[in-house]
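Taking it in order: structure first as structure tokens, then the write-up.
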Amino acid sequence: MNIANRNLSVVQQPTKTIWAIGGGKGGIGKTLLTSNIAVFLSWLNKKVVVIDMDLGGANLHTSLGVNNPAHTLSDLLYNRIENPNELLQATHFRNLSLISGAHDPTGIANMPHVQKARLARKFKEIEADYILLDLGAGTTHNTLDFFLLADKKIIVVTPEPTSIENAYRFIKAAFYRMLRASTPTPYVRQLIEQAMDEKNHKGISSPKDLLNEVARLSPAEGEDLKNKMQSFMFSLIVNQVRAKTEGDIGKSVQIVCERYFGIHVDYTGFIPYDNSVWQSIRKRVPFLIDSPNSTAVTHLEDVLRNLLKTSPSK
């Protein structure tokens, strides 16, 4: 059966929705999932643009079978091109275009705030229904800021202990960076910075402790901080699952985040480990195309339905 003809029965999303796909560890399949999600969305007769944000280590074009993109984000960052739509590289899939990541390793991965702000503004000028940001691994300020920019924030994790540990670090770093950026009071920002240090002298070891300390000093600011905390949410995908019990890790992460951070996690499902997926990587063809009847594709359909049902948040 041709997957493009399946009935997806999804909820329509607003015009120009930005999705960011991130995670705390490399090698967990972010780029692989991003490329296949992009293809899937393009089959919904939506104009999709996928952007490789792994600055200095871009390889998303390889996953989509695109050779040597003519232009990259470097051209936009260094003002060689002003209109971001000139960066769009056609792919083999109708409605899907690619903006390749910057290939300049020096300095790109640590761009100043002014440059990030300009890049964020330029993304809003891209002509598309969906813009997908394939983020690099880790918790650099660049990665966190573009993750927080998105309407829909997606975190990928695998069942490996290192991946889970790094995912929690990513969530904590993104959560506190969001709070700090949205808090105008210098003293509250200082408390947030202290909370990010697990050995801080005030003994703030969780968002709940932080909230209690702020509320003790200023009930009004405490209420404002509480509202900001509750507004933060993200979607979670567990990848490379070999047993059903590993799929339950998503629910465990969901419970821990809601108890510890007090934030909502939308667990959208898991993608099973499937040899056909890794064979498709060697062929440089998305597994949606290469193995349309695989179990990985069946689960990806469920994940996409869940992602499209949930309302985007910033």
Side-chain angles (χ1 to χ4, degrees), residues 14 17-24 112-114 116-117 120-121 124 133 135 138-157 164-237 249-268 307 309-314:
T17 302
I18 299 177
W19 291 13
I21 297 88
H113 174 75
V114 172
K116 279 188 287 189
R121 289 195 303 271
K124 300 294 179 67
L133 308 180
L135 303 177
T139 56
T140 66
H141 288 174
N142 279 349
T143 298
L144 295 176
D145 288 342
F146 285 109
F147 180 76
L148 295 172
L149 165 75
D151 302 299
K152 182 173 288 294
K153 305 165 183 65
I154 303 168
I155 292 178
V156 179
V157 65
I164 297 169
E165 181 180 354
N166 286 330
Y168 281 127
R169 287 176 181 167
F170 185 93
I171 294 164
K172 180 179 178 180
F175 183 63
Y176 279 130
R177 189 159 179 81
M178 178 275 295
L179 291 180
R180 187 185 182 284
S182 61
T183 303
T185 308
Y187 185 68
V188 174
R189 286 202 301 271
Q190 185 180 25
L191 284 176
I192 293 170
E193 289 173 358
Q194 291 176 347
M196 295 177 71
D197 178 5
E198 295 179 358
K199 298 180 180 180
N200 67 84
H201 70 278
K202 286 185 175 293
I204 300 174
S205 60
S206 71
K208 184 177 180 181
D209 293 340
L210 171 64
L211 182 59
N212 289 339
E213 179 66 14
V214 174
R216 183 181 68 82
L217 297 169
S218 172
E221 289 182 316
E223 185 65 26
D224 184 53
L225 188 66
K226 179 181 178 181
N227 292 334
K228 288 183 173 68
M229 287 180 170
Q230 292 176 341
S231 69
F232 182 82
M233 69 169 287
F234 65 89
S235 299
L236 179 71
I237 303 173
I249 288 172
K251 295 179 181 178
S252 298
V253 173
Q254 185 180 48
I255 292 170
V256 170
C257 285
E258 291 182 351
R259 286 180 180 174
Y260 180 79
F261 292 102
I263 59 178
H264 176 69
V265 179
D266 173 37
Y267 175 40
T268 59
L307 286 172
K309 284 177 185 175
T310 55
S311 299
S313 65
K314 283 191 176 181

Let's go through Tyr267 and Val253 carefully: what are the C-alpha distance in whole Å and the side-chain angles of both, what is the deciding distance for side chain to side chain contact (heavy atoms under 4.5 Å, CB included) to 0.1 Å, and is it a yes or a no?
CA-CA 9 Å; Tyr267 175 40; Val253 173; over 6 Å; no
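- The two atoms that bring Leu135 and Ala20 nearest to each other are CD1-CB, 4.1 Å, heavy atoms only.
- Between the side chain of Asp197 and the main chain of Lys199, a donor-acceptor pair closer than 3.5 Å is present.
- Summarising the geometry, atom CZ belonging to Phe234 is positioned 9.0 Å from atom CD belonging to Gln254; distances are rounded to the nearest 0.5 Å.
- Taking each heavy atom of Ala167 and Val157 in turn, the nearest pair found is CB-CG2, 4.0 Å.
- To the nearest 0.5 angstrom, Trp19 atom CH2 is 12.0 Å from Leu133 atom CG.
- With rounding to the nearest 0.5 angstrom, the CZ atom of Arg177 is 12.0 Å from the CD1 atom of Ile192.
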Check step by step if side chain to side chain contact (heavy atoms under 4.5 Å, CB included) holds for Asp266 and Met233.
CA-CA 8 Å; Asp266 173 37; Met233 69 169 287; 4.1 Å; yes
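- Between the CZ atom of Phe232 and the NZ atom of Lys153 there is a distance of 6.5 Å, given to the nearest 0.5 Å.
- In this structure, the side chain of Ser182 engages the main chain of Leu179 through a donor-acceptor pair within 3.5 Å.
- Under the 3.5 Å distance criterion, the side-chain polar atoms of Arg189 are matched with a main-chain donor or acceptor of Thr183.
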Using the side chain to side chain contact (heavy atoms under 4.5 Å, CB included) rule, take Asn200 and Glu193 through it: C-alpha gap first, then chi angles, then the decisive distance, then the call.
CA-CA 9 Å; Asn200 67 84; Glu193 289 173 358; over 6 Å; no
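- Considering all non-hydrogen atoms of both residues, Thr139 and Leu144 come closest at O-CD1, 3.6 Å.
- Residue Lys228 places its NZ atom among more than 12 non-hydrogen atoms of other residues, nucleotides or ligands, all under 6.0 Å distant.
- For the atom pair Met178 CE and Asp145 CG, the distance stands at 12.5 Å (nearest 0.5 Å).
- Nearest heavy-atom pair across Ser252 and Tyr168 is O-OH, 4.2 Å.
- The side chain to side chain contact (heavy atoms under 4.5 Å, CB included) test with Ile204 singles out one residue from Asn212, Val214, Leu211, Leu210, and that residue is Leu210.
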Quick one, Val188 with Asp224, criterion side chain to side chain contact (heavy atoms under 4.5 Å, CB included). Give me CA distance, side-chain angles, the key distance, then yes/no.
CA-CA 11 Å; Val188 174; Asp224 184 53; over 6 Å; no
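- Interatomic distance, CG of Leu149 versus CZ of Arg121, reported as 12.0 Å (0.5 Å rounding).
- The two residues Gly203 and Asp209 make their nearest non-hydrogen contact at O-OD2, 3.9 Å.
- With contacts defined as side-chain heavy-atom distances shorter than 4.5 Å, the pair Ile263/Ile171 qualifies.
- For Phe170 and Phe147, the gap between ring centers is short of 6.0 Å.
- Closest of all the heavy-atom pairs between Tyr176 and Pro207 is OH-N, 3.4 Å.
- Side-chain N or O atoms of Lys152 include one that pairs as donor or acceptor with a backbone N or O of Leu307 at under 3.5 Å.
- Under the 4.0 Å criterion applied to side-chain N and carboxylate O atoms, Glu165 and Arg169 are assigned as salt-bridge partners.
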